[in-house]
Amino acid sequence: MEVQVNYIAVFLAMVSSMVVGAIWYSMSVFGREWAKLVKLSDKQLREGNPKALGGTVVVSLITAYVLAHVTFLSHKFYGHESFLQDALTTAFWLWLGLTAARIITHDLFERRPTKLTLLSIGHELVTLEVMALIIGLLKP
């Protein structure tokens, strides 16, 4: 079996990750609370972090590709009619078992505030589900 991936959907899913992050971490949503929890000053926030943004583009592209790949496999395995349903469900299970579980583990050992952990895993859930929505609607 050859795994089919819609590369336009993968690219758009990567872009959606950047949009979700920009909204989620904007000062009018969760940005102010996040900055306080990670102890970033206003000066540091104004300076930005080009290295982090570049890295985010790369890992978001990888995440979108993996999500599209695994969604295709799930869809073929279960044989559901709805590719969209399989994309959203696959994103949830990957988030729960890999993303949320790993972030929680690291944050517990690093003694990060629970609010920061919830903020991070919430962001990741929304990001993955928006990616899944795009991948599911633009099926291969």
Participant: Output a table of donor-acceptor pairs, distance under 3.5 Å, between side-chain atoms of residues 55-68 and any protein atom two or more places apart or on a different chain; print 'none' if there are none.
Facilitator:
from : atom 1 : to  : atom 2 : distance (Å)
T56  : OG1    : A52 : O      : 2.7
S60  : OG     : S17 : OG     : 2.9
S60  : OG     : T56 : O      : 2.8
T63  : OG1    : V59 : O      : 2.8

Participant: Hey, any chance L96 and I103 share a hydrophobic cluster, counting ILVMFWY side chains that come within less than 4.5 Å of each other, even indirectly?
Facilitator: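 They do share one cluster, since a chain of ILVMFWY contacts under 4.5 Å joins L96 to I103.
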Participant: Can V20 be reached from L128 by stepping across I, L, V, M, F, W or Y side chains whose heavy atoms are under 4.5 Å apart?
Facilitator: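 No, L128 and V20 fall in different hydrophobic clusters.
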Participant: Does V38 belong to the same Ile/Leu/Val/Met/Phe/Trp/Tyr cluster as L108, with side-chain heavy atoms less than 4.5 Å apart forming each link?
Facilitator: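 Looking at the clustering, L108 is in a separate group from V38.
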Participant: Using the rule that Ile, Leu, Val, Met, Phe, Trp and Tyr join whenever any side-chain heavy atoms are under 4.5 Å apart, tell me whether V130 and L137 fall into a single cluster.
Facilitator: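 V130 does not cluster with L137.
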Participant: Are any non-hydrogen side-chain atoms of L88 and E129 less than 4.5 angstrom apart?
Facilitator: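 Contact flag for L88/E129 side chains = yes.
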Participant: Atom CZ in F83, atom NE2 in H75: separation rounded to 0.5 Å?
Facilitator: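 Answer rounded to 0.5 Å: 6.5 Å.
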Participant: Please report the shortest heavy-atom distance between L53 and M18, naming the atom on each side.
Facilitator: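 For L53 versus M18, the nearest heavy atoms are O-CE, 4.2 Å.
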Participant: Just checking E81: does its CD atom have more than 12 heavy atoms from other residues, nucleotides or ligands closer to it than 6.0 angstrom?
Facilitator: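 No, CD of E81 has 12 or fewer neighbouring heavy atoms, counting only those of other groups under 6.0 Å.
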Participant: Side-chain contact test, heavy atoms from C-beta onward, threshold under 4.5 Å: evaluate it for L84 versus L133 and give yes or no.
Facilitator: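 A side-chain contact under 4.5 Å exists here.
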Participant: Indicate if V126 and M131 have the same hydrophobic cluster label, given that clusters are the connected sets of ILVMFWY residues with side-chain heavy-atom separations under 4.5 angstrom.
Facilitator: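 Hydrophobic grouping puts V126 apart from M131.
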Participant: Using 0.5 Å steps for rounding, measure from the CG atom of L119 to the NE2 atom of H123.
Facilitator: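 That separation rounds to 9.0 Å.
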Participant: Mind listing the closest non-hydrogen atom pair of A87 and T71 along with its distance?
Facilitator: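 Result for this residue pair: CA-CG2, 3.4 Å.
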Participant: Taking all non-hydrogen atoms of both residues, which atom of A35 and which atom of L45 are closest, and how far apart?
Facilitator: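 Nearest pair, atom of A35 first, then L45: CB-CD1, 3.6 Å.
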Participant: Looking only at atom types and distance, does a side-chain atom of W95 sit under 3.5 Å from a main-chain N or O of I121, one as donor and one as acceptor?
Facilitator: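 Yes: the side chain of W95 pairs with the backbone of I121.
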Participant: Are any non-hydrogen side-chain atoms of W93 and L98 less than 4.5 angstrom apart?
Facilitator: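 Side-chain contact under 4.5 Å: no.
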Participant: Which pair of heavy atoms, one from L116 and one from W34, lies closest together, and at what distance?
Facilitator: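 Looking at all heavy atoms of both residues, the closest pair is CD1-CD1, 3.8 Å.
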Participant: Just by modelled atom types, is the I23 backbone N or O under 3.5 Å from a matching donor or acceptor in the S26 side chain?
Facilitator: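 Yes.
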Participant: For the residue pair P140 and F72, what are the closest heavy atoms and their distance?
Facilitator: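 That would be CG-CD1, 3.9 Å.
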Participant: To the closest 0.5 Å, what do you measure between CD (E33) and NZ (K36)?
Facilitator: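 With rounding to 0.5 Å, CD (E33) is 4.0 Å from NZ (K36).
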Participant: Do H80 and T89 have side chains that get closer than 4.5 Å, going by heavy atoms?
Facilitator: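 A side-chain contact under 4.5 Å is absent here.
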Participant: Take L73 and M1 through the test side chain to side chain contact (heavy atoms under 4.5 Å, CB included) and record every step on the way to the result.
Facilitator: CA-CA 9 Å; L73 295 174; M1 168 180 55; 3.6 Å; yes
Participant: When rounded to the nearest 0.5 angstrom, what distance separates OG1 in T117 from CD1 in I104?
Facilitator: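 These two atoms lie 7.0 Å from each other.
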Participant: Rounded to the nearest 0.5 Å, what separates atom CG in L118 from atom CZ in R112?
Facilitator: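 Between atom CG of L118 and atom CZ of R112 there are 13.5 Å.
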Participant: Is there a donor-acceptor pair closer than 3.5 Å between any side-chain N or O of Q44 and the backbone N or O of S41?
Facilitator: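 Between the backbone of S41 and the side chain of Q44 there is a qualifying donor-acceptor contact (under 3.5 Å).
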Participant: Working to the nearest 0.5 Å, report the span between OG of S120 and CZ of F30.
Facilitator: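 Answer for the OG-CZ pair, S120 versus F30, is 11.5 Å.
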